[in-house]
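Note that this is a predicted model, so its numbers are computed, not measured. The sequence lines fix the lettering, A, B, ..., with proteins before strands; numbering per chain opens at 1.
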Amino acid sequence: MLSLYTQILTAYGPRGWWPVPGSAGHRGFDPRGYHPGDFTHPRTPAGRFEVIMGAVLTQNTAWTNADAALARLRKAGVRLPSDILALPHSRLSGLIRSSGYFNQKAKKLKAVAALFSHQRALTPAGAPSREALLSEWGIGAETADSILLYAFYKPVFVVDAYTRRVLSRIGLIEGSERYEDIQALFHDALKQQPALYNEYHALIVQHARRHCTTRPECATCPVRPCRYRRHASPRAGAPRARA
DNA sequence: CGCCAGGTGGGAT
DNA sequence: ATCCCACATGGC
């Protein structure tokens with residue numbers, strides 16, 4: 001686990017994703033997504049809630065699509081749970097249209113707004129537990145953990161489809177393990193620091209997009225050893241290897 | 001035009 | 001417990 005981190009950090013450099021306490025500057029969720037000035041400070045209630053809405057809106061969706069929806073919400077003055085709760089479903093779904101699944105996500109935002117509607121819920125002391133998040137409709141393991149890590153700086157590693165793919169290609173997991181089992185690999189091997197988990201996750205995303213794609217580009221891959229490399233075809237078009 | 005993108009809940013087996 | 005599917009837009 002640590003070896004993978006070191007290798008992809010060296011290869012890609014720090015990603016500088018969602019800010020953590022003590023970081024010098026505030027850059028956006030995704031370097032290509034947010035721009036300085038667009039974004040709300042993540043240690044205020046509105047800032048935390050923006051991160052939370054982003055976590056829902058980006059579910060199985062390109063970040064650019066989710067970000068466009070966040071921008072429209074911001075422009076419409078939607079900043080806090082009470083704003084979401086005050087909107088009719090049709091108006092809300094219209095505002096977030098670009099994020100895809102807009103009917104489902106409007107419902108999810110309503111649910112998440114209800115959970116965070118008490119002012120204390122958007123403060124560090126009042127942060128909901130993982131169990132409380134998971135019990136809300138529309139919040140699964142990854143979204144819950146994204147909220148805990150990125151909105152509340154809890155030392156919780158976020159496992160996503162990229163994580164599963166990269167680790168299984170390398171041979172660190174089989175691929176069908178349960179979410180929490182994969183997460184435990186990170187929790188057990190690394191110091192439990194939010195900034196580390198943040199950076200590591202961002203680096204996995206970068207690696208999965210740059211080299212460890214559906215059709216991987218193993219020829220220039222910076223990660224070694226990798227089990228998949230032996231099976232992978234160096235050029236596109238060849239039949240995909242299966243273990 | 002086809003595929004993919006930082007998932008989740010619900011229903012069938 | 002596991003598998004299958006609906007949910008939907010936008011970029012390449």
**Item:** Any donor-acceptor pair under 3.5 Å from A:Glu177 side chain to A:Gly175 backbone
**Value:**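 Such a contact is found between A:Glu177 side chain and A:Gly175 backbone.
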
**Asked** Do A:Gln193 side-chain atoms and A:Ala195 backbone N/O form a donor-acceptor pair below 3.5 Å?
**Response** no

**Request:** Check step by step if ring-ring contact (aromatic ring centres under 6.0 Å, His included) holds for A:Phe157 and A:Tyr200.
**Result:** CA-CA 9 Å; A:Phe157 198 90; A:Tyr200 201 162; 5.6 Å; yes

**Item:** Span of DNA chain C, from the first to the last nucleotide whose atoms fall under 4.0 Å of chain A heavy atoms
**Value:**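 It runs C:dC7 to C:dG10.
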
**Asked** Is atom NZ of A:Lys110 surrounded by more than 12 heavy atoms (other residues, nucleotides or ligands) closer than 6.0 Å?
**Response** yes

**Request:** Would you indicate whether A:His89, at its atom NE2, is surrounded by more than 12 heavy atoms from other residues, nucleotides or ligands within a distance under 6.0 Å?
**Result:**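 Yes - once you tally the heavy atoms of other residues, nucleotides and ligands closer than 6.0 Å, there are more than 12.
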
**Message:** Students often get this wrong, so: under 4.0 angstrom with heavy atoms, is A:Arg165 touching a base, only sugar-phosphate, or nothing?
**Reply:**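 Result for A:Arg165 = sugar-phosphate.
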
**Request:** Spell out protein contact along nucleotides 7-13 of chain B as letters: B when the base is contacted, S when just the sugar-phosphate is, - when no protein heavy atom is under 4.0 Å; keep the 5' to 3' order.
**Result:** BSSS---

Please measure how far the [atom1] atom in [N] lies from the corresponding atom in [M], and state the result in whole Å.
{"N": "C:dC12", "M": "B:dC1", "atom1": "C1'", "value": "12 Å"}
{"N": "C:dA8", "M": "B:dA5", "atom1": "C1'", "value": "12 Å"}
{"N": "B:dT8", "M": "C:dG10", "atom1": "P", "value": "22 Å"}
{"N": "B:dC3", "M": "C:dC5", "atom1": "P", "value": "16 Å"}

**Fill in**
Exactly one of A:Gln206, A:Arg210, A:His207 clears side-chain hydrogen bond (donor to acceptor under 3.5 Å, both in side chains) with A:Tyr12, and that residue is A:His207

**Prompt:** Do A:Leu172 and A:Ile204 belong to the same hydrophobic cluster, where Ile, Leu, Val, Met, Phe, Trp and Tyr are linked whenever their side-chain heavy atoms lie under 4.5 Å apart, directly or via other members?
**Reply:**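 Yes, it is one cluster - the side chains of A:Leu172 and A:Ile204 are joined through contacts under 4.5 Å.
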
**Asked** Do A:Thr143 and A:Lys108 get their side chains close enough for a donor-acceptor pair, meaning under 3.5 Å?
**Response** no

